[in-house]
Amino acid sequence: MLSGFKEFIMKGNVMDLAVAVIIGAAFSKIVNALVESVLMPAISAVVGSPNLDTFAVVTLRGNDLKFGVLLTAIVNFLLIAAAVYFCIVLPMNKMIERRNRRMGIEPTTEPADPNTVLLTEIRDALKGHPGAVSTEGRHSGPAV
């Protein structure tokens, strides 16, 4: 039983996952600092409020429906997604592209899906065939 546990723990994917979680937790602090200390203050300078929590509050039978809280969460999500994309994904893709160019590695194109190729051929054949059904579902040939 212990040897099975040791084998499980020592598998590469478990260790890779553990490292990814630790790095992700550490990196989330950087992204949150960027969003909370740079981007949100810039937005609140434009909008005039540090968040949208008090925006669009509707009282219904004594209960407050706070749509602004949802808007704040959506804005925070979009800011975090943009920060991750522009600060991590885009620079990493550029770096990989430069490295591949330097090493002479050409980008590979994936082969087309056979189903897509077949459907394209069928569509093209129907377009060229007199009396074929048009894309609107009406008969394009002579009336029968």
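I30 meets the side-chain contact (heavy atoms from CB on, under 4.5 Å) test with F27; sequence neighbours excluded. In this structure N93 satisfies the side-chain contact (heavy atoms from CB on, under 4.5 Å) test together with V89, sequence neighbours excluded. Taking S37 as the reference, nothing meets the side-chain hydrogen bond (donor to acceptor under 3.5 Å, both in side chains) condition, with sequence neighbours excluded.
By the 4.5 Å side-chain criterion applied to Ile, Leu, Val, Met, Phe, Trp and Tyr, F77 is assigned to a cluster that also includes L70, I74, L78. I96 belongs to a hydrophobic cluster with M92, M95, counting contacts under 4.5 Å between side-chain heavy atoms of Ile, Leu, Val, Met, Phe, Trp and Tyr, direct or through other members. Its side chain within the 4.5 Å cluster rule, V58 clusters with L60, L65, F67 among the Ile, Leu, Val, Met, Phe, Trp and Tyr residues.
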* What do the steps show when you test L34 against I80 for side-chain contact (heavy atoms from CB on, under 4.5 Å), and what is the final call? -> CA-CA 8 Å; L34 174 65; I80 289 170; over 6 Å; no
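Contact detail for V35 and P41: the closest heavy-atom pair is O-CD, 4.1 Å.
Hydrophobic cluster membership differs between V46 and L79, with clusters built from Ile, Leu, Val, Met, Phe, Trp and Tyr side chains linked at under 4.5 angstrom. Cluster membership for L39 and F86, using ILVMFWY side-chain heavy atoms within less than 4.5 angstrom, is shared.
Taking CG from L118 and CZ from R123, the interatomic distance works out to 12.0 Å, rounded to the nearest 0.5 Å. K94 contributes atom NZ, which lies 15.0 Å from atom CZ of R99 (distance to the nearest 0.5 angstrom).
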